[in-house]
Asker: 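First the structure, which I've put down as structure tokens, then a few questions once you've had a look.
Chain A is the first sequence line, chain B the second, and so forth, proteins listed ahead of strands; every chain is numbered from 1.
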Amino acid sequence: MAKVLTKRKENYSQWYNDLVIKADLAENSAVRGCMVIKPYGFSIWEKMQAALDKMFKETGHSNAYFPLFIPKSFFSREASHVEGFAKECAVVTHYRLKNDPNGKGIIVDEDAKLEEELIVRPTSETIIWNTYKGWIQSYRDLPILCNQWANVVRWEMRTRLFLRTTEFLWQEGHTAHATKNEALEETIKMLNVYSEFAEKWMALPVIKGTKTESERFAGAIDTYSIEALMQDGKALQSGTSHFLGQNFAKAFDVKFANKEGKLDYVWASSWGVSTRLMGALIMAHSDDNGLVLPPKLAPFQVVIVPIYKNAEQLKKISEAVDAIIHKLKAKGISVKYDDRDTQKPGWKFAEYELKGVPVRLALGARDLENNTIELARRDTLEKNTYPQKNIESRIETLLDDIQNNIYNKAFKFREENTYKVDTYEEFKEIINNKGGFVLAHWDGTTETEQKIKAETKATIRCILLDNEKEEGKCIYSGKPSKQRVLFAKAY
RNA sequence: CGGGGUAUAGCGUAGUCCGGUCAUCGCGCCUGCUUUGGGAGCAGGAGGUCCCAAGUUCGAAUCUUGGUACCCCGACCA
């Protein structure tokens, strides 16, 4: 028992840290706040990228790439944008090192000071809108639908693997439109792409909504987000889509001639998801034995472990396994055959459980005699022996079952941990003791929101999009409210 | 940036109060044999700038001073 995880009940955040390390997903690097994403973790991210990228392209977007560095002056163009990001920017001031004249190592060459400092992008609206100015003259140039896969840097005070790191990987879409309506439609369309990805691929139920003014993206008119509930009762913002209005067009003077020949500012959206989704994936489904991966995002969906006493036996087992692998691959199922003789079967079982491989097959001498194979599913930890014949069809069905089962489990958890409350006492009781989503009336003021946050640490995660209107009274101020909003403690 | 901690082998640790057979133990690693259907057993072995620097002392992982790094709590965190 070399690698045991802290139990979720004992210390949820320790459990998360243990899991990330022990499942070989990522580790802290020599650079404070920056992580190394290890091959196994990165291949999950690649699966996410591939699925999202396909969805972006199917909705008409193209990938492009913009610079890592942004001239400092660009940031001051949009007032609230700079205010939102100024405190967490990494700044490049010099472009050369030299040998220390005192003989100790190398130092920054003060003669190589930049005329204008460069900011390492925390997000790319400014450099992109500066670029779009050159691309747009007429309504015929619109819309522009670009996405970029990139790394960004935000100098956070406290970091956690995947959930908040100084450098992280993400995609950011930046679109330009001739009309307000079209930009708004785009914003909603991409929010829906995100929620579909979360639910269909990550098996993660999410709630769609708009952010309140205080939680809004710096520079946006409206921020939409998808919110997921983690197993410890905290919310994780898993993706955002912003309606930017004409804010950035005005800041970067991007005008176009419309059909009537009149000049107008361009309308914009931007939207993104990051490696934070890895954190959501881990925390939503995993258990005290390790990671639980949805089959659609698992680096390999099936692992096969041979159990043998000698080389001759292994050869026979491998022949039977090869036939099964062939049939699985024909069905598009990814499979890994682990016939290493450096690790023992029991070790491999524990290892692949820790890594969340959805289906494990084991085949030994006993099975050779009976033409059987042992099948274990990760989500329920059930284990059974079946005939080898048609095992590929059984697995094909099973993978769908697992995908659905973990979604349903997460959905049920969210349902059981979502509360409607009408008094502040009840609200505090749930937020402090149970956690989860709380639907409550709010008077719509930032002041009330801040007071609730200060007293309970709970914030308004979003104002639900598909929420029925309901008259009520704000739980804090008692003032009238038209609908409930979603509160939770958040990551 | 405030408050509190920690730094000993690849990882996790004991020892620090009270200076001297004190560098401990577990995991991991290497070799051999036996094993292999849930993280194997036995035997042997390798691995150390006790964070760095200066000081006190016959003698420092241990005491003093200064530095550095990291962790936790808070503040901050579209």
Asker: Return the nearest nucleotide to the side chain of A:Arg360; candidates are B:C77, B:C70, B:G38.
Answerer: B:G38
Asker: Can you identify which nucleotide, out of B:C77, B:G74, B:G39, has its nearest atom closest to the A:Glu156 side chain?
Answerer: B:C77
Asker: Quick check with a 6.0 Å cut-off and a 45 degree axis cone: is A:Lys133 positioned over the face of A:Phe252's six-membered ring?
Answerer: no
Asker: Scan every strand shown for a Watson-Crick or G-U wobble partner of B:A14, both distances under 3.5 Å, and answer none if you come up empty.
Answerer: none
Asker: Is the gap between the ring centers of A:His81 and A:Phe217 under 6.0 Å?
Answerer: yes
Asker: Using a 4.0 Å cut-off on protein heavy atoms (strictly under), produce a 5'-to-3' string for nucleotides 30-37 of chain B with B for base contact, S for backbone-only sugar-phosphate contact, and - for none.
Answerer: -----BBB
Asker: If I pick the P atom on B:G12 and the same atom on B:G3, what distance separates them, to the nearest angstrom?
Answerer: 28 Å
Asker: Quote, to the nearest angstrom, the P distance that separates B:U57 from B:U49.
Answerer: 28 Å
Asker: Taking the six-membered ring of A:Tyr12 as reference, does the NZ or CZ atom of A:Arg8 fall below 6.0 Å from its centre and within a 45° cone about the axis?
Answerer: no
Asker: Rounding to a whole Å, what distance do you find between A:Leu5:CG and B:G12:P?
Answerer: 16 Å
Asker: For A:Asp338 and B:G39, give me the distance from atom CG to atom C1', rounded to whole Å.
Answerer: 14 Å
Asker: Does NZ or CZ of A:Arg154 lie under 6.0 Å from the centre of the six-membered ring of A:Trp170, at an angle within 45° of the ring axis?
Answerer: yes
Asker: If you assign A:Thr159 and A:Ser214 each to the RNA chain B nucleotide with the nearest heavy atom, which residue ends up on the more 5' nucleotide?
Answerer: A:Thr159
Asker: With ring centroids as reference points, do A:Phe85 and A:Trp155 lie under 6.0 angstrom apart?
Answerer: no
Asker: Return the value, rounded to whole Å, for the distance between atom CD of A:Glu351 and atom P of B:G28.
Answerer: 13 Å
Asker: Using OP1 and OP2 only, check whether a side-chain N or O of A:Lys457 sits under 4.0 Å from B:G74.
Answerer: yes
Asker: For the ring pair A:Phe437 and A:Phe487, is the centre-to-centre distance below 6.0 Å?
Answerer: no
Asker: Mind calculating the distance between CG (A:Asn11) and P (B:C71) to the nearest angstrom?
Answerer: 16 Å
Asker: Can the ring centroids of A:His242 and A:Tyr224 be said to lie less than 6.0 angstrom from one another?
Answerer: no
Asker: Return the nucleotide paired to B:G32: Watson-Crick means purine N1 to pyrimidine N3 with N6-O4 or O6-N4, wobble means G-U with N1-O2 and O6-N3, both under 3.5 Å.
Answerer: B:C42
Asker: Distance check, P atoms only: B:C50 and B:A23, in whole angstrom units.
Answerer: 12 Å
Asker: Using the C1' atom in both, what is the distance from B:C29 to B:A9, to the nearest Å?
Answerer: 11 Å
Asker: Provide, to the nearest angstrom, the distance between the CH2 atom belonging to A:Trp347 and the P atom belonging to B:G28.
Answerer: 11 Å
Asker: Using a 4.0 Å heavy-atom cut-off across all strands, classify A:Arg154 as base, sugar-phosphate, or nothing.
Answerer: base
Asker: May I have the distance from A:Lys87 (atom NZ) to B:C1 (atom C1'), rounded to whole angstrom?
Answerer: 13 Å
Asker: How far does the P atom of B:C51 sit from the matching atom of B:G32, given to the nearest Å?
Answerer: 36 Å
Asker: Is there a Watson-Crick or G-U wobble partner for B:G74 with both distances under 3.5 Å, and if so, which one is it?
Answerer: B:C1
Asker: Measure the distance from CG on A:Asp24 to P on B:C11 and round it to the nearest whole Å.
Answerer: 16 Å
Asker: Measure from NZ or CZ of A:Arg394 to the centre of the six-membered ring of A:Tyr386 and say whether it is under 6.0 Å with the direction within 45° of the ring axis.
Answerer: yes
Asker: What is the distance from CD of A:Glu88 to C1' of B:C1, rounded to the nearest Å?
Answerer: 16 Å
Asker: Just checking A:Arg276: base, sugar-phosphate only, or nothing, at a heavy-atom cut-off of under 4.0 Å?
Answerer: nothing
Asker: With rounding to whole Å, what would you report as the distance between B:C58 and B:G19 at their P atoms?
Answerer: 15 Å
Asker: With the side chain of A:Met157 defined as its heavy atoms from C-beta on, choose the nearest nucleotide among B:G38, B:G39, B:C1.
Answerer: B:C1
Asker: Measuring from atom CG of A:Leu204 to atom CZ of A:Arg414, what distance do you get when rounded to the nearest 0.5 angstrom?
Answerer: 9.0 Å
Asker: Describe the nucleic acid contact of A:Lys383 in one word from base, sugar-phosphate, nothing, applying a heavy-atom distance below 4.0 Å.
Answerer: base
Asker: In whole Å, what separates the C1' atom of B:G47 from that of B:A53?
Answerer: 27 Å
Asker: Both distances below 3.5 Å, Watson-Crick or wobble geometry, any strand: find the nucleotide opposite B:U68.
Answerer: B:A7
Asker: Using atom P of each nucleotide, how far apart are B:G15 and B:A7 to the nearest Å?
Answerer: 10 Å
Asker: On RNA chain B, does the nearest nucleotide to A:Asn28 precede the nearest nucleotide to A:Glu215 from the 5' side, or the other way round? Give the residue.
Answerer: A:Asn28
Asker: Using purine N1 to pyrimidine N3 plus N6-O4 or O6-N4 for Watson-Crick, or N1-O2 and O6-N3 for G-U wobble, both under 3.5 Å, which nucleotide pairs with B:G20?
Answerer: B:C58
